[in-house]
Number of protein chains: 2
Amino acid sequence: MFQLDYRDRRPLYEQIKEKIKALIIRGVLKPDDRLPSVREMAQSLTINPNTIQKSYKDLETEGFIYSVRAKGNFVQALSPAMNQARREELVLELEKLAAEFVYLSVPVEQLVAVIHAVYKKKEG
Amino acid sequence: MFQLDYRDRRPLYEQIKEKIKALIIRGVLKPDDRLPSVREMAQSLTINPNTIQKSYKDLETEGFIYSVRAKGNFVQALSPAMNQARREELVLELEKLAAEFVYLSVPVEQLVAVIHAVYKKKEG
DNA sequence: CCCTCTGTATTAAGCGTGGTAGTACAGTTA
DNA sequence: TAACTGTACTACCACGCTTAATACAGAGGG
């Protein structure tokens, strides 16, 4: 499904969360798709099941997945309330990022171009 | 100069780095401005000088400040080489961010508006 | 019904990092 | 000389990350 980077200093469970989030955001994993079981994922990454479980539990708390006893973990469909909060966070991040682009004298057109490229790719 | 947030789970030295970076990026601190000494800053934040030194050393490694024996730490002027690397990092971050905006069905116009606002604020 | 799979919980241990504390040295400047 | 700067080092404690081993509860298949 993906690989870990042991040179990355962040905790493994953080990396795992991020990778799964990315798969969901990119649309590779769609609502109600089942994730690999805790034990499967642990074996395929050669790490401890507890670490996977921590990732899954966090993702559940953040609203990205839901879990069903004895069945597995599944991708959560979008909920409007969750979205609103997340949007606001993202806008703040975007502002920070933009401020640093200003600092580095990157022309605004370049930023806009990058964004449009991402949006086009998604539609096409 | 600024305050720490002890509810923030990130290391103190990370928070300090970020705050100082923000001051530099916003232009509050300008090239060759002197930062508070390690001991001063430590006292004003009521933390250990070693923690401040770690922040400063990291910022030096990242090219944001330079230090002079027995004189202090100062804001580094921009270097083109450093900028290029940083720009590329930022573009990657921007793409990630944009992808999540797409996922949340935020119209591209809204992103562009946020960015223009930041740029206008900087010029004005 | 039993077996096997699922998620979940608990406890213990090892290890690295974050942060504090104390001390020391080297260089600048008044 | 005295007081300030940055820098370095050691020791210590607390906490988080990760592994390990075990156990229990519910679903589904033979």
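In the text below, chain A, chain B and the rest are named by the order of the sequence lines, each starting its count at 1.
- Heavy-atom neighbours of A:Gln43 CD from other residues, nucleotides or ligands within 6.0 Å: at or below the threshold of 12.
- Using a 4.0 Å cut-off between charged nitrogen and carboxylate oxygen, B:Lys96 and B:Glu93 do not count as a salt-bridge pair.
- Nucleotide C:dT11 holds its P atom 17 Å from the CG atom of A:Asn48, rounded to whole Å.
- Between B:Glu60 and B:Lys57 there is no salt bridge, since no side-chain nitrogen of the basic residue lies less than 4.0 Å from a carboxylate oxygen of the acidic one.
- Judged by closest nucleotide on DNA chain D, B:Pro36 is the one of A:Arg39 and B:Pro36 placed further toward the 5' end.
- Nucleotide C:dT20 holds its C1' atom 15 Å from the CG atom of B:Leu45, rounded to whole Å.
- If you check every strand for non-hydrogen atoms under 4.0 Å, A:Arg9 touches nothing.
- Regarding contacts with the backbone of C:dA9, a side-chain N or O of A:Lys57 is found under 4.0 angstrom from either OP1 or OP2.
- For C:dG18, the OP1/OP2 oxygens have a side-chain nitrogen or oxygen of B:Lys54 closer than 4.0 Å.
- Whole-Å rounding puts the A:Tyr6 OH to D:dC17 P distance at 16 Å.
- Remark: P of D:dG6 and OH of B:Tyr56 are 7 Å apart, rounded to the nearest angstrom.
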* To do: Take A:Lys122 and B:Val108 through the test side-chain contact (heavy atoms from CB on, under 4.5 Å) and record every step on the way to the result.
  => CA-CA 12 Å; A:Lys122 210 59 194 180; B:Val108 67; over 6 Å; no
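- When the side-chain nitrogen and oxygen atoms of A:Asn73 are compared with OP1 and OP2 of C:dG7, one or more of them lie within a distance under 4.0 Å.
- Phosphate proximity of D:dT18 to A:Tyr13: absent, as no side-chain N or O sits under 4.0 Å from OP1 or OP2.
- In this model, the phosphate group of C:dT8 is approached by a side-chain N or O of A:Ser67 to a distance below 4.0 Å at OP1 or OP2.
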* Going through the distances and angles, do A:Leu35 and A:Met41 end up as a side-chain contact (heavy atoms from CB on, under 4.5 Å)? -> CA-CA 9 Å; A:Leu35 298 174; A:Met41 176 85 81; 5.6 Å; no
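- A distance of 9.0 Å separates OG of B:Ser44 from CD of B:Gln3, quoted to the nearest 0.5 Å.
- What you find for A:Val75 and A:Tyr66 is that their closest heavy atoms are O-CE2, 3.4 Å.
- Of the candidates A:Leu12, A:Ile52, A:Thr51, A:Ile52 is the only one forming a side chain to side chain contact (heavy atoms under 4.5 Å, CB included) with A:Leu45.
- A residue-by-residue look at B:Leu35 and A:Arg10 shows that B:Leu35 has its nearest nucleotide of DNA chain D further toward the 5' end.
- Among the atoms of the strands shown, only primed sugar atoms or phosphate atoms (P, OP1, OP2) are found under 4.0 Å from some heavy atom of B:Glu40.
- Atom CG in A:Asn50 sits roughly 12 Å away from atom C1' in D:dA23 (whole-Å rounding).
- Per the geometry, CG belonging to A:Asp8 stands 18 Å off P belonging to C:dG16, to the nearest Å.
- Rounded to a whole Å, the CD atom of B:Gln53 is 18 Å from the P atom of C:dA24.
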Are any protein N/O atoms closer than 3.5 Å to N/O atoms in nucleotides 25-30 of chain D? If there are, list each pair with its distance.
unit_1, atom_1, unit_2, atom_2, d
D:dA25, O4', A:Arg69, NH2, 3.0
D:dG28, OP1, A:Lys71, NZ, 3.2

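- For the pair A:Ile47 CD1 and D:dA21 P, the interatomic distance rounds to 16 Å; values are reported in whole Å.
- For D:dC17, the OP1/OP2 oxygens have no side-chain nitrogen or oxygen of A:Thr51 closer than 4.0 Å.
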